[in-house]
Amino acid sequence: MLSIVLLPWQKWLLIHALELNEDGTYRFKTVVLLVARQNGKSTLMQVLTLWRMFVDGAPLVIGTAQSLDIAEEQWRGAVELAESVPELAEYIESVDRTNGKKALRLTTGERYKVAAASRRGGRGLSGDLVLLDELREHQNWLAWSAVTKTTMARPQSQVWAASNAGDLSSVVLRHLRSLAHRALGYPDGTDGMVDLPPLGEDAGEESLGLFEWSAAPGRSVWDRDGWAEANPSLGHTVDERSIAAAASTDPEWVFRTEVMCQFVNMAGLGPFPAGSWSAALDTKEDRAARGVRRDESRPACYGVDMSHGRDMVYVAIAFWDTEGRPRVEIAAQRSGPDWVLPWLTSSKRRIPPTHIAMQRRGAPVSSLWDSFLEAGLDPTAWEGPNLAGWHGTFYDLIRSGVADDGVVKLTHGGQPVLDIAATTADIRPLGDGWVIDRKGSPADASPLMAAIAAVGLLMTNPGPTFVSAYEQGGLTVLD
Ligand SMILES: Nc1ncnc2c1ncn2[C@@H]1O[C@H](COP(=O)(O)OP(=O)(O)O)[C@@H](O)[C@H]1O
Ligand SMILES: [Mg+2]
């Protein structure tokens with residue numbers, strides 16, 4: 001009726017993912033679908049959605065995503081499909097296209113709503129089918145935990161999540177995939193897996209179905225068998241020539257993640273997608289050749305961090321350059337904490353320490369907080385939601401820097417301490433997001449923490465720094 005003939009893998013998937021228990025409930029409460037991009041995941045979920053609504057009579061379908069666009073795009077596709085078939089269009093009662101509250105309602109009462117990824121998203125609703133497209137984009141558990149709870153009270157409910165492979169920041173996808181791989185005895189090894197306790201007696205994952213099409217570990221980028229493993233639509237809607245074109249033009253990590261559906265750069269290669277950190281390199285020499293300087297009309301920000309072993313302190317500086325891009329550098333590093341204050345407040349500092357970010361509590365550097373206040377500085381406490389939030393900001397700047405073909409959004413100078421930290425640091429979950437794990441990282445991660453603090457503060461657009469000529473001239477105040 002939809003004029004879509006399911007591809008063999010799509011048909012196979014539906015037959016198995018919709019298997020029933022003897023009591024008629026679904027065998028899988030959660031279905032995670034991993035296939036390379038452009039193979040027909042979103043289309044398949046749209047077909048499933050319409051079947052559940054029009055044929056199965058499922059009262060409520062909820063689409064969600066960390067970014068609303070993705071869920072709305074998925075919704076739009078399903079609505080357009082339904083509208084294009086007269087026999088289905090007849091049953092459409094209303095289509096609400098209001099941004100942020102898109103909803104499709106059938107004359108028979110079934111609804112398909114898009115819920116934002118907030119703590120409230122989906123709460124109070126009881127979903128029979130919950131859809132999460134592009135699960136790799138979920139860098140925190142907000143959307144997942146808000147909306148998956150809605151299926152608890154529904155006997156005929158399922159959560160469907162589709163994606164191509166993710167990276168270290170894909171916390172939800174990595175966790176679910178790790179649960180499934182653990183149950184199978186880690187057939188692809190443990191690289192990239194979340195650290196889970198060994199499987200207990202309970203085997204609580206039995207209602208989780210992972211359907212993964214991915215190239216076997218160790219395949220070369222040009223191994224056509226690997227292409228076929230990750231692209232079940234190859235020879236149907238996906239052709240070898242377009243994959244070959246991507247293999248020769250995409251950076252390797254992009255190709256592996258998107259076309260071979262492999263979890264790359266997961267073995268202690270740092271929190272950023274492979275290749276993205278080095279792509280953000282802009283050397284001092286290149287900058288000098290282009291005549292790029294710091295934009296002195298805009299404020300610069302310092303970030304201060306101390307190593308886990310308390311032996312090193314790093315001061316990073318983030319500023320805008322005359323090409324309009326943010327840049328981060330390690331401005332100073334030395335052992336022990338005693339040098340930091342004199343260094344920051346030295347009259348030789350060309351950039352006054354007006355904007356400083358550091359952790360006030362719970363970090364090694366926090367022991368310096370009071371002395372900063374006593375010295376008359378006014379540091380910004382990097383804490384609360386900003387802790388994970390600024391990590392996300394930094395991550396997005398680095399990652400999107402590569403995706404946009406050469407347009408680097410945040411640059412760094414390839415300084416060894418920062419390079420090592422950025423390419424080795426481990427992360428740990430915090431609240432709904434993640435942060436760098438100073439203690440668990442194989443090398444000192446605190447230069448990266450200092451950099452993230454500096455950039456995070458810079459991105460909040462702190463007010464400009466007014467430095468009066470008198471202050472700079474060492475004015476003595478008489479009173
Ligand atoms: N069964 C099918 N028959 C024909 N074309 C399909 C089928 N499934 C998907 N497609 C087409 O393949 C393309 C990619 O599908 P999409 O669902 O967007 O892929 P993905 O979500 O995996 O990236 C779209 O143009 C879609 O219309
Ligand atoms: Mg898609």
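Counting starts at 1 for both ligands and their atoms, following the listed order. Predicted model, so just to flag it, every value in this text is computed and none were measured.
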(message) Any nitrogen or oxygen of K41 lying under 3.5 Å from a nitrogen or oxygen in ligand 1? Just yes or no.
(response)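 Looking only at distances, the answer is yes, because the N/O contact criterion of under 3.5 Å is met.
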
(message) Considering both backbone and side-chain atoms of V5, is one of its nitrogen or oxygen atoms within less than 3.5 Å of a nitrogen or oxygen in ligand 1?
(response)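 In this structure, V5 places an N or O atom under 3.5 Å from an N or O of ligand 1.
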
(message) My understanding is that we take every heavy atom of each candidate and find the minimum distance to atom 21 (O) of ligand 1. Doing that for S233, S42, G77, which one comes out nearest?
(response)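 Residue with the shortest heavy-atom distance to the ligand atom: S42.
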
(message) Tell me whether atom 23 (O) of ligand 1 lies less than 4.0 Å from at least one protein heavy-atom position.
(response)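 Protein heavy atom within 4.0 Å of atom 23 (O) of ligand 1: present.
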
Go through the side-chain N and O atoms of [X] and [Y] and say whether any donor and acceptor fall under 3.5 Å apart.
{"X": "T25", "Y": "N21", "answer": "yes"}
{"X": "D444", "Y": "S446", "answer": "yes"}
{"X": "S441", "Y": "D426", "answer": "no"}
{"X": "N231", "Y": "W213", "answer": "no"}
{"X": "W160", "Y": "Q158", "answer": "yes"}

Which residue supplies the protein heavy atom nearest to [atom], what is that atom called, and how far is it?
{"atom": "atom 27 (O) of ligand 1", "result": "T43 OG1, 4.1 Å"}
{"atom": "atom 8 (N) of ligand 1", "result": "Q10 NE2, 3.2 Å"}
{"atom": "atom 19 (O) of ligand 1", "result": "G40 N, 3.0 Å"}
{"atom": "atom 4 (C) of ligand 1", "result": "T237 CG2, 3.8 Å"}
{"atom": "atom 14 (C) of ligand 1", "result": "Q38 OE1, 3.4 Å"}

(message) Under the side chain to side chain donor-acceptor pair (under 3.5 Å) test against D321, which residue among R298, R287, R327 passes?
(response)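 Among the candidates, only R287 passes.
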
(request) Mind checking whether H236 contacts ligand 1 via backbone (N, CA, C, O), side chain (CB onward), both or neither, at a 4.0 Å heavy-atom cut-off? (result)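 For H236, there is no contact with ligand 1 at all, from either part.
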
(message) Just to be sure I read this right, does ligand 1 sit under 4.0 Å from the backbone of L7, its side chain, both, or neither, counting only heavy atoms?
(response)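 Near ligand 1, L7 shows its backbone as well as its side chain.
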
Is any NZ, NE, NH1 or NH2 atom of the basic residue among [X] and [Y] found under 4.0 Å from an Asp or Glu carboxylate oxygen of the other?
{"X": "E212", "Y": "K41", "answer": "no"}
{"X": "K29", "Y": "D128", "answer": "no"}
{"X": "D282", "Y": "R325", "answer": "yes"}

(request) Working to the nearest 0.5 Å, report the span between CG of L50 and CE of M45. (result)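 The CG atom of L50 sits 12.5 Å away from the CE atom of M45.
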
(message) I'd like to verify the contacts: list protein N, O or S atoms under a distance of 2.8 Å from the Mg ion (ligand 2).
(response)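 Within the sphere that stays under 2.8 Å of the Mg ion (ligand 2), the protein atoms of type N, O or S are S42 OG.
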
(message) Working note: H391 + W434, criterion ring-ring contact (aromatic ring centres under 6.0 Å, His included); need CA distance, chi angles, decisive distance, verdict.
(response) CA-CA 7 Å; H391 279 81; W434 56 270; 5.6 Å; yes

